[in-house]
*Asks:* 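Below is one structure. I have some questions about it.
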Amino acid sequence: MVKMSESEAPRFRYTAELAGEIETRWQAYWADHGTFHAPNPTGDLADPAHPRSGAPKLHVQDMFPYPSGSGLHVGHPLGYIGTDCYTRYKRMAGYNVLHPMGFDAFGLPAEQYAVQTGTHPRTTTEANVQRYRAQLRRLGMAYDERRSFSTTDPEYYRWTQWIFLQIFNSWFDRAAGRARPIDDLVAEFAAGTRETPDGRPWAELSAVERRKVVDGHRLAYVSEAPVNWCPGLGTVLANEEVTPDGRSERGNFPVFQRSLEQWKMRITEYGDRLVDDLEYLDWPEPVKLMQRNWIGRSRGANVDFPVQDDVIPVFTTRPDTLFGATYMVLAPEHALVTRITPEAWPAGTKDAWTGGHATPAEAVAAYRTAAAAKTEEERTADGKVKTGVFTGAYATNPVNGARIPVFIADYVLAGYGTGAIMAVPGQDARDWAFAEVFELPIIRTVAAPEGFEGAFTGDGPAINSDWLDGKDVAEAKAAMIAWLEEHGHGRGATTYRLRDWLFSRQRYWGEPFPIVYDETGLPVALPESMLPVVLPDVDDFSPRTFDPDDADTEPETPLSRKKDWVEVELDLGDGRKTYTRETNTMPQWAGSCWYELRYLDPENNKALVDPENEAYWMGPQRPGDCGGVDLYVGGVEHAVLHLLYARFWHKVLFDLGHISSFEPFRKLFNQGYIQAYAYRDARGVLVPAEEVVERDGRYFHGDTPVAREYGKMGKSLKNVVTPDEMCDQYGADTFRVYEMAMGPLDVSRPWDTRAVVGSQRFLQRVWRLVVDEETATVRVTDEPLDVKTRRALHRVIDGVRGDLDELRFNTAIAKLIELTNVLTPLPTASREAVEPLVLMLAPFAPHLAEELWARLGHGDTLAYATFPEADPAQLVAESITYPVQVNGKVRGRVEVAPDTAQDEVRAAALAAVAEALAGRDPKKVIVVPGRLVSVVV
RNA sequence: GUCCCCGUAUCCCAACGGCAGAGGAAAUGGUCUCAAACACCAUCCAGUGUGGGUUCGAAUCCCACCGGGGACACCA
């Protein structure tokens with residue numbers, strides 16, 4: 001098809017073939033000349049002679065991809081093209097632009113492929129990275145290729161391991177609210193300024209005891225704790241990697257709670273700062289909200305409720321409602337349940353409370369068994385109907401001595417707060433629902449509005465609350481906390497939903513820990529000089545996996561089978577000894593937790609980043625600024641996981657003085673997705689989307705009618721379109737312009753190959769404006785523009801700059817098309833308009849723009865040419881046409897000079913609509929300068 | 001169930017509270033062609049999801065509802 005047309009089209013038309021030739025040539029030029037190298041202030045990448053050396057900086061970054069085996073489809077590069085257009089514009093506008101790209105290359109698919117085929121994951125990964133690089137180069141991305149890396153490069157993960165050691169070798173000083181070196185903690189213990197856990201002097205502790213105390217404070221630590229064990233994957237998972245219905249995010253296998261010894265990171269200590277510092281960030285509100293939800297900070301109080309000889313602490317956000325606490329509920333799994341359960345039902349036990357059982361012990365046992373058998377899904381699915389059972393025990397409400405029954409119920413979660421609550425049905429919808437089922441008293445302690453039914457959770461004066469009466473909720477909370485603390489019944493407290501980050505995985509394809517164990521079984525950090533700990537080759541890449549439903553299994557790591565690697569003889573200061581290596585590997589998130597920093601100084605082998613380079617590219621820009629990447633573009637699916645972990649590591653590095661910014665990404669932008677239609681025939685079988693045709697609004701595959709559906713682009717839906725196909729059929733520049741012109745960057749939209757031709761026609765018109773299609777001669781003249789066209793040109797320049805600054809690429813392109821359409825019919829193509837047009841086109845269609853720029857007689861790349869600036873004098877219209885409205889309807893128009901006084905406009909307007917007024921007196925005349933005149937009669 | 005975002009022409013999308021259309025696709029007609037495709041020219045197409053309100057004036061602001069997408073979902 002394409003070939004036929006080329007044989008008869010004018011010889012020098014801008015076809016896909018010509019575009020391909022131009023594109024290949026300019027890609028080579030850019031690579032050969034290092035056109036997009038960005039100079040650093042210091043170190044290997046410093047270059048004082050660079051045209052942007054010392055210029056204002058701009059650091060723009062994309063969320064780097066995992067290089068999958070199937071390569072890029074047209075949806076993947078949307079954000080990359082967006083940042084490329086933006087940074088090319090900003091570079092021309094005078095900024096020193098850092099726009100790098102790397103690869104998040106550790107991860108499960110390469111490992112699973114290795115398990116199936118025996119191919120080393122490194123082989124697969126490197127081949128995929130090469131393919132991605134080639135695809136991105138073909139799209140004309142202006143990356144500084146010197147700054148590219150994969151997280152799997154030993155020279156990269158050496159620093160990932162180095163950061164792990166920083167975290168391992170520090171602790172969180174709550175008084176200071178920040179991380180400090182672990183040596184400071186040891187010094188405090190030794191000096192006696194900090195008490196040891198059991199109160200004995202530091203000197204009396206044995207060496208092993210001391211190490212255990214210190215290890216208990218490290219930000220990275222090993223602990224035996226309930227974790228998410230996924231037998232189907234053969235590994236444990238972080239909470240964030242488990243779906244709400246209790247399955248693995250990857251693979252969708254069942255996940256079980258098991259108590260296992262694993263590495264964790266003390267991210268919970270940073271809960272407050274991770275919430276509070278969101279204020280500094282220019283991020284989409286939904287993402288901030290998701291982070292707040294995930295961290296789940298609640299302020300309130302812990303209150304002690306005596307139950308027989310025990311004291312059960314509860315956490316509440318509403319200490320002000322304590323007088324309304326009419327019963328207590330423990331989670332079924334709560335440790336004290338058995339102890340407080342008496343032998344017989346006390347007098348006055350209601351039938352509804354016993355579940356029909358003869359003794360409390362029976363009732364409790366039956367309820368616990370039933371609750372344990374339920375999955376997480378079942379527990380929440382029928383969440384409306386409250387279930388539970390009376391334990392037979394009574395607690396004492398500390399504020400008024402009231403005797404209140406203690407229940408167990410599965411609406412109280414063992415893992416949150418203290419696993420027990422005081423129930424205040426008057427002010428809590430869940431407690432209200434439970435109280436109705438179990439006929440429990442309801443006492444309102446906040447005055448509800450007249451006629452209000454149900455639990456009232458709003459603000460209002462306290463009632464039925466003795467000395468709290470009349471206070472509003474906030475006052476009452478504060479007063480109650482003070483009272484509890486004064487009388488020893490409780491204290492103010494803050495709880496988080498966030499848990500410590502499970503950091504070890506039983507996988508092969510990840511960063512090894514820089515940790516060994518000595519004869520005590522305690523971890524020992526390897527010194528920096530031994531980094532990187534290189535991932536050894538093994539024969540078998542798979543962790544031991546199990547029947548996905550078999551919870552009673554134990555993880556076994558691939559590295560543990562490599563005995564000659566695991567056992568190692570080292571001198572770590574105590575002479576040569578045998579140590580055992582840690583055989584877990586780090587989770588995939590590790591490499592992406594800090595890559596924004598390595599781009600700044602990728603070849604530095606003395607530090608992860610030189611402080612001067614970090615301060616220049618990412619440091620705070622003004623007092624009160626958090627610093628960070630100026631623009632970070634990626635999908636919203638990383639709202640919690642990656643972005644939370646990266647913020648955490650960044651803050652630790654900040655605390656330890658390695659960097660000057662305390663947030664990694666100042667501005668975040670979530671790009672939309674390109675989705676695609678898929679088609680099924682009557683049997684429900686997918687047919688290749690490219691073979692489907694539309695006739696009269698219906699869709700056919702051959703002669704078979706097919707049904708259209710809308711979804712992700714992917715092999716499974718048989719609707720993949722690749723950028724390579726688009727480059728072959730139209731050229732990379734056309735593809736770039738099309739993706740940017742389809743709509744705003746943050747809006748998802750369907751792919752439509754048929755519509756791409758519109759962008760090609762546009763570029764062809766621009767080409768034709770400069771180059772004669774028959775002779776290839778340049779047809780641009782030095783004749784000045786006529787006055788009207790000049791004004792149009794400057795309006796477009798002004799608009800395009802404004803659009804680009806706000807990432808509104810679609811409207812910027814529309815304005816360039818508009819300008820082209822204005823210039824096309826003119827008898828002569830004037831340089832005065834064509835050159836700015838070519839420069840403004842450069843961010844979107846860089847190859848074509850470079851080619852035209854060269855043909856216009858410029859000897860150098862336009863990457864550093866000045867982006868056109870509008871002449872303010874040209875933006876003032878020579879005359880203004882005012883529509884004149886009478887009662888909201890346009891009844892006439894007047895044309896006046898731009899500087900006409902309002903009175904004159906008013907007079908002219910009234911004259912213009914005299915007929916419509918028909919002699920009526922205007923009640924009111926509104927003149928909106930430069931816009932319109934509105935007459936009210 | 002709660003919260004957030006979005007509903008403009010056949011489709012993708014524009015429009016500081018001020019004449020609803022910037023741009024693209026499709027469709028229709030034409031120029032070119034032996035013919036077709038490409039290219040070029042022209043034409044066609046909505047009163048802004050629905051109902052109220054504020055205003056001289058509402059796609060835009062407010063309220064309710066409908067439809068689509070997303071987040072959270074016993075977190076005390």
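No experiment lies behind these values; they were computed from the predicted model shown. Note: hydrogens, waters and symmetry copies are ignored here, and every other heavy atom, side chains too, is used. In what follows, every chain begins at residue 1, and chains take the letters A, B, ... in the order their sequences are listed.
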*Asks:* Give me the distance, rounded to whole Å, that separates A26(B) from C11(B) when you measure between the C1' atoms they each carry.
*Replies:* 7 Å
*Asks:* Identify whether any heavy atom of Gln764(A) sits under 4.0 Å from a base atom; if not, whether one sits that close to sugar-phosphate; answer base, sugar-phosphate or nothing.
*Replies:*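 Gln764(A): backbone/sugar contact only, no base atoms under 4.0 Å.
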*Asks:* Can you say whether a donor on the side chain of Lys386(A) sits under 3.5 Å from an acceptor on the base of C74(B), or the other way round?
*Replies:* yes
*Asks:* Let me know which of Arg11(A), Arg13(A), Arg779(A) forms a salt bridge (charged side-chain N to carboxylate O under 4.0 Å, His left out) with Glu773(A).
*Replies:*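 Running salt bridge (charged side-chain N to carboxylate O under 4.0 Å, His left out) over Arg11(A), Arg13(A), Arg779(A) with Glu773(A) returns exactly one hit, Arg13(A).
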*Asks:* Between Asp304(A) and Arg491(A) (salt bridge meaning N to carboxylate O under 4.0 Å), is one present in this structure?
*Replies:*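 Here Asp304(A) pairs with Arg491(A) in a salt bridge, since their nearest N and O are under 4.0 Å apart.
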*Asks:* Once you apply a heavy-atom cut-off of 4.0 Å, does Ala755(A) come out as touching a base, just sugar-phosphate, or nothing?
*Replies:*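 Result for Ala755(A) = sugar-phosphate.
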*Asks:* Return no unless some side-chain N or O of Arg761(A) is found under 4.0 Å from OP1 or OP2 of G23(B).
*Replies:* no
*Asks:* For nucleotides G68(B) and G17(B), find the distance between their C1' atoms and express it as a whole number of Å.
*Replies:*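 27 Å, rounded to whole Å.
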*Asks:* I'd like the C1' distance from A20(B) over to G57(B), given in whole Å.
*Replies:* 14 Å
*Asks:* Distance check, P atoms only: A59(B) and G49(B), in whole angstrom units.
*Replies:* 10 Å
*Asks:* Do any side-chain nitrogens or oxygens of Arg765(A) fall under 4.0 Å of OP1 or OP2 in C38(B)?
*Replies:*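 Checking C38(B) against Arg765(A), no side-chain N or O comes under 4.0 Å of OP1 or OP2.
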*Asks:* Which nucleotide wins on minimum distance to the side chain of Asn821(A), given the candidates C19(B), A25(B), G23(B)?
*Replies:*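 Closest of the options to the side chain of Asn821(A): G23(B).
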*Asks:* Between Arg292(A) and A71(B), is there a side-chain N or O to OP1/OP2 distance below 4.0 Å?
*Replies:*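 For A71(B), OP1/OP2 do not have a side-chain N/O of Arg292(A) under 4.0 Å.
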*Asks:* On the nucleotide A14(B), are OP1 or OP2 found under 4.0 Å from the side-chain N or O atoms that Asn810(A) carries?
*Replies:*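 Answer yes for this pair, as a side-chain N or O of Asn810(A) is under 4.0 Å from OP1 or OP2.
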*Asks:* Does Asn670(A) make a side-chain N or O approach to OP1 or OP2 of C4(B) shorter than 4.0 Å?
*Replies:* no
*Asks:* Has Lys924(A) got a side-chain N or O lying under 4.0 Å from the OP1 or OP2 atom of C56(B)?
*Replies:*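 True: Lys924(A) side-chain N/O within range (under 4.0 Å) of C56(B) OP1/OP2.
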*Asks:* Map Tyr677(A) and Leu289(A) onto RNA chain B by nearest heavy atom, then report which one ends up closer to the 5' terminus.
*Replies:*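 Counting from the 5' end, the first nearest nucleotide belongs to Leu289(A).
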*Asks:* Does Lys386(A) count as lying over the ring of Phe434(A), i.e. NZ or CZ under 6.0 Å from the six-ring centre, within 45 degrees of the axis?
*Replies:*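 The answer is no, since Lys386(A) fails at least one limit relative to Phe434(A).
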*Asks:* For Val329(A), report the nucleic acid contact type (base, sugar-phosphate, nothing); a contact means any heavy atom under 4.0 Å.
*Replies:* nothing
*Asks:* Reckon Arg749(A) touches a base, only the sugar-phosphate, or nothing at all at heavy-atom distances under 4.0 Å?
*Replies:* sugar-phosphate
*Asks:* Just by distance, no angles: are the side chains of Tyr882(A) and Thr900(A) close enough, under 3.5 Å, to form a donor-acceptor pair?
*Replies:* no
*Asks:* Report yes if at least one side-chain N or O of Ser748(A) is closer than 4.0 Å to OP1 or OP2 of G69(B); otherwise report no.
*Replies:* no
